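Every heavy atom of this structure was used, including side-chain atoms; hydrogens, water molecules and symmetry mates were not. Values in this document were obtained by computation on a predicted structure and should not be read as measured data.
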Amino acid sequence: MRPPTIRDVADRAGVSKSLVSLVLRGSDQVRPEKRDAVLRAVRELGYRPNTAARSLSERRTRTVGVLLNDLRNPWFVDMLDGLNSLLHDNGLHMLLADARLNRRSGQDPAGPLLDLRVDGLVVVGTLPDPAALGTVVEQMPVVVAAAREPVPPGVDVVAGDDERGARLVAEHLIGLGHRRIAHIAGYGAVGELRRRSFEATLREHGLADEAVVEPSDMTEEGGYRTTVRLLSRPERPTAVFAVNDIAAIGALSAAEELGLRVPRDLSVVGYDNTSIARLRHVWLTTVDNTSHEVGRRAARCLLDRFEGAGGAGQVHLAVPALEVRGTTAAPAATEPM
């Protein structure tokens with residue numbers, strides 16, 4: 001059997017094809033009884049609009065491409081939820097692509113999304129070459145979320161205030177009485193901002209000589225290996241600030257393996273307030289980087305661009321907050337290992 005058409009819906013509802021189109025587009029220029037008749041006919045017939053045909057007539061696909069740099073990071077889940085909720089409310093669909101996988105296969109990271117003729121692009125996370133977005137910006141609106149690298153003109157950036165967040169962590173640990181504080185640092189502009197702010201805050205409190213910074217790859221394994229090195233120092237730190245929650249989980253594993261109790265022997269702080277941090281048996285002190293709000297703001301920027309807002313791109317920073325849980329406390333009054 002052939003699928004029902006818009007003509008079938010119009011005949012069943014006793015209205016014109018143009019009125020059916022108005023109802024399907026959500027127009028408020030239709031009387032309630034006519035709208036109800038059309039929607040009832042749609043349900044009874046199982047009618048589904050021909051999206052491809054509508055895209056040709058409107059010259060829009062009503063889709064937004066989302067290029068995600070790292071599918072393994074749980075912070076992006078809440079961010080994507082905030083992004084998608086506002087896009088959905090505005091009749092747009094999200095198409096997701098893995099930038100890391102595309103690069104490994106030799107593809108242009110954004111290529112598959114451009115081939116699908118998306119109406120706009122949201123780039124999530126740090127990309128190796130943000131300048132490559134220049135050619136994409138000439139074709140469609142682009143928003144970068146959760147990254148702070150320089151971007152081409154006309155690209156909006158939405159992220160958390162990483163400098164403020166790292167300062168909150170450092171001041172929290174100093175306020176508890178910690179003096180030997182280590183930082184498991186990350187890469188990219190975000191990692192650099194968090195590291196610089198951590199170091200500046202310790203310097204302001206006269207603790208520059210006590211600060212230890214060790215680079216990592218922002219993974220659980222990287223956090224584990226870095227913490228093992230830190231805790232093997234003659235004067236081990238009494239607190240560790242990890243660049244993200246995943247690395248902090250690795251730090252917790254290292255402490256347990258070395259016979260240290262958290263937070264009595266070692267305080268640990270993460271960053272991002274992911275679902276992992278909120279697990280009861282983890283209950284990690286961390287920075288809430290307002291992931292859901294970052295996603296909604298990114299969607300809002302893109303929608304504004306669709307509506308004709310041009311001009312130079314802007315940087316929008318969401319305000320972070322420290323979530324104090326069970327992995328931080330005052331340092332124990334014991335001799336260093």
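Taking the ring axis of F198 as reference, the NZ or CZ atom of R167 does not stay both within 45° of it and closer than 6.0 Å to the ring centre.
The closest side-chain heavy-atom distance from V123 to V143 is not below 4.5 Å. The shortest distance between side-chain heavy atoms of V190 and L193 does not fall below 4.5 Å. Looking at heavy atoms from C-beta onward, H172 lies in side-chain contact with L322 at the 4.5 angstrom threshold. Contact annotation: the side chain of E171 approaches that of T201 to within less than 4.5 Å [non-hydrogen atoms, C-beta and beyond]. No side-chain heavy atom of V240 sits under 4.5 Å from any side-chain heavy atom of T226. For the pair C301/D304, no side-chain contact is recorded, criterion being any heavy-atom separation below 4.5 Å from C-beta on. No side-chain heavy atom of V66 sits less than 4.5 Å from a side-chain heavy atom of L95. Counting heavy atoms from C-beta outward, L303 and L86 have side chains that approach closer than 4.5 Å.
Between Y224 and E257, the side chains place a donor N or O and an acceptor N or O closer than 3.5 Å (distance only, hydrogens not considered). Residues T328 and T285 have side chains that bring a donor and an acceptor to within less than 3.5 angstrom of each other. In this model, a donor atom of one side chain and an acceptor atom of the other lie less than 3.5 Å apart for H178 and T238. Side-chain contact of R62 with N90: a donor-acceptor pair under 3.5 Å is absent, judged by distance alone.
What you find for P141 and D119 is that their closest heavy atoms are CD-O, 3.4 Å. Closest approach of V9 to A41, counting heavy atoms only: O-CB, 3.8 Å. Taking each heavy atom of T290 and A318 in turn, the nearest pair found is OG1-CB, 3.1 Å. Taking every heavy atom of both residues into account, G270 and A248 meet most closely at CA-CB, 3.8 Å. Nearest heavy-atom pair across G222 and D217 is CA-OD1, 3.3 Å. Taking every heavy atom of both residues into account, L230 and I184 meet most closely at CD1-CG1, 4.1 Å.
Between the S197 side chain and the E163 main chain, a donor and an acceptor come within less than 3.5 Å of each other. Side-chain atoms of R236 do not come within 3.5 Å of backbone N or O of L231 as any donor-acceptor pair. With hydrogens and angles disregarded, a donor-acceptor distance shorter than 3.5 Å links the side chain of T5 to the backbone of D8. Put simply, the side chain of S85 gets close to the backbone of G82: a donor and an acceptor are under 3.5 Å apart. Side-chain N or O atoms of N84 include none that pairs as donor or acceptor with a backbone N or O of D81 at under 3.5 Å. The main-chain N or O of S27 is found under 3.5 Å from a side-chain atom of R35 such that the two form a donor-acceptor pair. Between the side chain of S216 and the main chain of A185, a donor-acceptor pair closer than 3.5 Å is present.
Residue V287 is not grouped with residue F76 when hydrophobic side chains (ILVMFWY) are merged at heavy-atom distances under 4.5 angstrom, including chains of intermediate members. Each of L279 and Y271 belongs to its own hydrophobic cluster when Ile, Leu, Val, Met, Phe, Trp and Tyr are linked at side-chain heavy-atom distances under 4.5 angstrom. Tracing side-chain contacts under 4.5 Å through hydrophobic residues (I, L, V, M, F, W, Y), one reaches V315 starting from V151; they form part of the same cluster. The cluster map of Ile, Leu, Val, Met, Phe, Trp and Tyr, joined by side-chain heavy atoms under 4.5 Å apart, puts I276 and V262 in the same cluster. With hydrophobic clusters built from ILVMFWY side chains whose heavy atoms lie under 4.5 angstrom apart, L168 does not share a cluster with L284.
Between D36 and R40, no side-chain nitrogen of the basic residue sits less than 4.0 Å from a carboxylate oxygen of the acidic one, so the salt-bridge criterion is not met. The pair E199-R196 does not count as a salt bridge, with every side-chain nitrogen at least 4.0 angstrom from each carboxylate oxygen. Salt bridge R7/D11: present, at least one basic N to carboxylate O contact under 4.0 Å. Under 4.0 Å is where a charged nitrogen must lie from a carboxylate oxygen, and between R164 and D288 no such pair does.
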Query raised in the report: For L121 and V136, what are the C-alpha separation, side-chain angles and deciding distance, and is it a side chain to side chain contact (heavy atoms under 4.5 Å, CB included)?
Result: CA-CA 9 Å; L121 182 67; V136 182; 3.9 Å; yes
Requested in this report: Quick one: do D78 and R278 satisfy salt bridge (Lys or Arg N to Asp or Glu O under 4.0 Å)? Show the steps, please.
Outcome: CA-CA 13 Å; D78 288 338; R278 301 191 295 271; 3.7 Å; yes
**Report entry** Pair L39-R43, side chain to side chain contact (heavy atoms under 4.5 Å, CB included): steps then yes or no
**Finding:** CA-CA 6 Å; L39 295 178; R43 289 194 302 271; 4.0 Å; yes
Query raised in the report: Would R194 and D272 count as a salt bridge (Lys or Arg N to Asp or Glu O under 4.0 Å) if you check the C-alpha gap in whole Å, the side-chain angles of each, and the deciding distance to 0.1 Å?
Result: CA-CA 12 Å; R194 294 176 188 178; D272 290 338; 3.6 Å; yes
**Report entry** V294/N289 under side chain to side chain contact (heavy atoms under 4.5 Å, CB included): CA gap, chis, key distance, verdict
**Finding:** CA-CA 8 Å; V294 168; N289 209 19; 5.9 Å; no
Requested in this report: Start with the C-alpha gap between R305 and M140, add the side-chain angles, then the distance that decides, and say whether side chain to side chain contact (heavy atoms under 4.5 Å, CB included) holds.
Outcome: CA-CA 9 Å; R305 293 280 175 178; M140 65 184 65; over 6 Å; no
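Listed by first and then second residue, the side chain to side chain donor-acceptor pair (under 3.5 Å) pairs that reach into residues 239-254 are D245-T274, D245-T286, sequence neighbours excluded.
Taking CD1 of I6 as the reference point, atom CG of L24 lies at 5.5 Å (rounded to 0.5 Å). A distance of 12.0 Å separates CG of D156 from CZ of R300, quoted to the nearest 0.5 Å. Interatomic distance, NZ of K17 versus CG of L19, reported as 13.0 Å (0.5 Å rounding). Note that CG of L45 is 4.5 Å distant from CZ of R12, once rounded to the nearest 0.5 Å. Taken to the nearest 0.5 Å, the CG atom of L252 stands 8.0 Å off from the CG atom of L266. Taking CD of E323 as the reference point, atom CH2 of W283 lies at 8.5 Å (rounded to 0.5 Å).
D209 CG: 12 or fewer foreign heavy atoms inside a 6.0 Å radius. Enclosure of atom CZ in R225 is not indicated, since only 12 or fewer non-hydrogen atoms of other residues, nucleotides or ligands lie within 6.0 angstrom.
Scanning for salt bridge (charged side-chain N to carboxylate O under 4.0 Å, His left out) contacts around E256 gives an empty result, with sequence neighbours left out. Residues meeting the side chain to side chain contact (heavy atoms under 4.5 Å, CB included) test with A189, sequence neighbours left out: R148, E149.
Paired with V212 under the rule side chain to side chain contact (heavy atoms under 4.5 Å, CB included), one option of R180, R233, R229, H183 passes, and it is R233.
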